[in-house]
Structure formats: structure tokens, C-alpha cells
Protein chains: 2
Amino acid sequence: MKTSKNDHRTRVTKALIRKAFTTILRNKPIQSISIKELCEIAEINRSTFYLHYTDIYDLLNQIEEEMFEGLKAALKPVVESGDGTPNYLTVTTEIFQCIKDNADLCIVTLGSYGDKSFAMRLIDYGRTLCIENYGKLYKNATPQQIEYFYAFVSSGCIGLLQKWFDDGLVVTPAEIASMAENLMLYGLGFLEKDKRQ
Amino acid sequence: MKTSKNDHRTRVTKALIRKAFTTILRNKPIQSISIKELCEIAEINRSTFYLHYTDIYDLLNQIEEEMFEGLKAALKPVVESGDGTPNYLTVTTEIFQCIKDNADLCIVTLGSYGDKSFAMRLIDYGRTLCIENYGKLYKNATPQQIEYFYAFVSSGCIGLLQKWFDDGLVVTPAEIASMAENLMLYGLGFLEKDKRQ
DNA sequence: AACTAAAACAACACTATGTTCATTATTTTT
DNA sequence: AAAAATAATGAACATAGTGTTGTTTTAGTT
């Protein structure tokens, strides 16, 4: 069994590249980052970059993949909780906590005008599970309604995430999770603590 | 007064560029479109491109700006309806209809994994108006709650839009508008026609 | 110590970029 | 209809980035 991926040199190199990458991304959009520039800042040879990645977008994908794997690992015990209804607030809180832990990457991919496809992937991870549950709970809802509902709430959660990041993560993960739950379940109605119409 | 922008030649050139651009975008992501390639497909000289745009992203911005102006013009009578509560369903339907009319651009910017910043701009257009209204309607809601609510529902609507596009625009604008309204107002609760818990 | 693999280094052909300038074609003004 | 203005073309240019290859140096593994 090769140990190539665990080579100390490789880990160091990849860490240097990742650090340079996220640093540059704070100041300019990904489309104007050149490999040459990245390597100069990371202080590695350009050939070394090609040893690990094909281009800038491959680099982004691989970094995202790493975080995605981390998320899956963190959520594994929850997913395996079986058919007993899991504590959704706990689940959501864990998700948001995990995202907060990876703030350096998320601040780029989720930030104001960043690319949201990664966030969509994260949310989509729970898609099948949710659709199934909703289908059981709301028997009169058509599959189409459930699909559109999921499309709405998953994107809505991303919007919530972005605002959270834009505000500097000052709200606690638990609070955000609670807000997400309320918004998904009751929509605007959750503001209606005092109004009857 | 110069009439440069109304020059027939300019309009033809820009139309050629736009057509080539949206055509290419259907097959490959924007980051791998080169100016050279675009000009070859548009059958214009590369220098001519630089006469109107600085780069590919400037081109995208200008095209988006055009549609945005069109939307504003379409919504103008609605916005000017004054303090009388406008018919929200009508407003929403009009918005979705307008988007459908510009499907060729939207299918790219709103499509599955496209860039959502443009859609955010569209939605943000109504932001101030909404925040004001919600503030009046829900006096016990904190400004923070309203901000997060808006972040949630605006992104949610974009998700709805994307699903709409991915499904090939088979649902009518009025149906989508109704769904958006229900989801914003009641969240998951709108599926609860038959369930009491 | 010997072996293995990563990283650095240098060189290469190739493509795209952005700019310029003279020329041609088209529109607008007079 | 002629003259003036401006858009588009085409060619040339320096510059920069890309992707690849082969060799040498360095660090890790056995």
C-alpha cells in the first residue's frame, strides 16, 4: 500500500497552496487568479501545482470536497439514527457549528457574492432524507409540492448562512438553527407572535 | 448630442456578441470562455470586442444590467402604486412573467449551478420596500429577525426560480407566484392541509 | 545505506491578452 | 450628394499565462 498521500512534503505543499488560495480569494474573484501568481504567493514551484491540481477550479473543488467529507463524517451518527425522528434542532445546530469551524473556506464560497453551488451540494446532501420524511408526514402534498418546497427552503437556508457570514458570525449556531427551523416550518408566520389577522 | 449608442452598426455588433455569448454558455462555464473564441463564433473582429467590453465578465455585467433595467421599467407602475397595499400576487406574477420573457439569459444565470449574484440583485431590488412593510405589519419583530427573514425568503425564491427553470418552465408564472407566496407566509405549514399535530 | 518519491528548476511550444494604428465601411451632417 | 464622423476590420506587437517535459536536488521510507 502506497503512503503517497500521507507524505509529509505533500501535506505541507497542499497546505501552502490552500492558504495562499484562500488569502488571495479575499481580495479578488476566483476568475482572476492565475496559477503563476498563486504559486508565487505560496512559494512553491509552478510544476508542483500541476502535480496536484489541473487548474484553479480543480483546486477549489478538491478543497470543497475535503470539507464535504468532514461534514459527512460529522453527520454520520445523526444519519444512522434510524427511523426514530432525530432531534432536528440538534442536527441543524451541528451543521451550522461545522460550517463555522470551516469559516475560512465558507467565508469565500458562501460570502456575499460567492459561488453557491457548493452550498447547494451541502444542502442537497440531506435532500433525499427530507423528501422521504415530508412525504410521510404530509400525505396530501403532491411530490411536486414537496420538490418545490425543498427547493425553496434549501436555498433559503443558504441565504440565511450568507447573512450569518456577512454579519461576522456574531449570532450563535443554535440561534441560527432555531431561526432556520422556524422559517422553514412557519415562514413569515413565525414573526406573528403578536398579530392576528 | 452624440448618437453613438444608437448606431445601427453598434447594435448589430452587440447583438452578435450577445448571441454568441449565450450560445457558448449553454455548453461550457463562463470561466473557460475566451474572448478569441467568442469573437470567432460571433464573427466579429477581436478589436471590436474591446471597443465595447473590457472582458468576458464585463460583457456579462452589461447584459445583466440591460435586463435589470427592463425589469425596473416593468415594475415601475407597481412601485409607484403608493402606500395602498399592492396586490402581491399580481406583483409576483408579473416578476415571474418578466423573467420567463428573458429566459435566454436567465437560463444561464439562474440555471442549476449558475451564478446567483444577479438573481440576488433582482430580489434585493424589492428589499427596502419589503423590510419597511414587514416592519409596520409585525411590530414585535426585531429588525434583526426581519433581516434574517428577508435573507431566507429572497434566497428561497431564487431556489424556486431555479427549480422552475430546471423543470423547463412548465409551471405557469401564476402558479409559481402562488407557491412563492404560500412558502413565504406559511413555510412548511402550507403543506398541512390535512394534518393537525 | 539504498531506494523511492516529491519538489524544484529550466526550457519549451502554444495560446490568449490587451493595445496600437492604418485602412475600409457605414452612418450622420451639412 | 459631398463631407465629416465614427464604427469595424486587419495586422502587428509586447506581454503574460498555460501545460508539458526532462533533469537535478531534496526529503522521506524501507
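Below, read A as the first sequence line, B as the second, and so on, with proteins coming before strands; counting in each chain starts at 1.
- Only B:Ile44, B:Asn45, B:Ser47, B:Thr48, B:Leu51, B:His52, listed by number, bring a heavy atom of residues 43-59 of chain B to less than 4.0 angstrom from any atom of DNA chain D.
- The side-chain hydrogen bond (donor to acceptor under 3.5 Å, both in side chains) search around A:Arg9 returns A:Asp7, not counting sequence neighbours.
- Every residue meeting the side-chain contact (heavy atoms from CB on, under 4.5 Å) condition with B:Thr23, not counting sequence neighbours, appears here in chain and number order: B:Lys19.
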Is there any protein nitrogen or oxygen under 3.5 Å from a nitrogen or oxygen in nucleotides 24-28 of chain D, and what are the pairs?
residue: D:dA27; atom: N3; partner: A:Arg9; partner atom: NH1; Å: 3.1
residue: D:dG28; atom: OP1; partner: A:His8; partner atom: ND1; Å: 3.0

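- The hydrophobic clustering, which links ILVMFWY residues whose side-chain heavy atoms are closer than 4.5 Å, places A:Tyr57 and A:Leu51 apart.
- Residue pairs that meet the salt bridge (charged side-chain N to carboxylate O under 4.0 Å, His left out) test with at least one member in residues 167-177 of chain A, sequence neighbours left out, are A:Lys163-A:Asp167.
- Of the residues in residues 30-39 of chain B, those lying under 4.0 Å from DNA chain C by heavy-atom distance are B:Ser34, B:Ile35, B:Lys36.
- The side-chain hydrogen bond (donor to acceptor under 3.5 Å, both in side chains) search around A:Ser47 returns A:Asn45, not counting sequence neighbours.
- Shown here are the side-chain hydrogen bond (donor to acceptor under 3.5 Å, both in side chains) partners of A:Asn61, two or more places apart in sequence or in another chain: there are none.
- Residue pairs meeting the ring-ring contact (aromatic ring centres under 6.0 Å, His included) criterion with at least one member in residues 14-56 of chain B, sequence neighbours excluded: B:Phe49-B:Tyr53.
- One end of the helix from C:dA13-D:dT18 to C:dT30-D:dA1 points its axis 20° away from the other end's axis, with each axis taken from 5 pairs and the angle rounded to 10°.
- Taking a 4.0 Å limit (strictly below) on heavy-atom distances, residues 15-27 of chain A does not reach DNA chain D anywhere.
- Note on residues 29-42 of chain B: pairs passing side-chain hydrogen bond (donor to acceptor under 3.5 Å, both in side chains), not counting sequence neighbours, are B:Lys28-B:Glu37.
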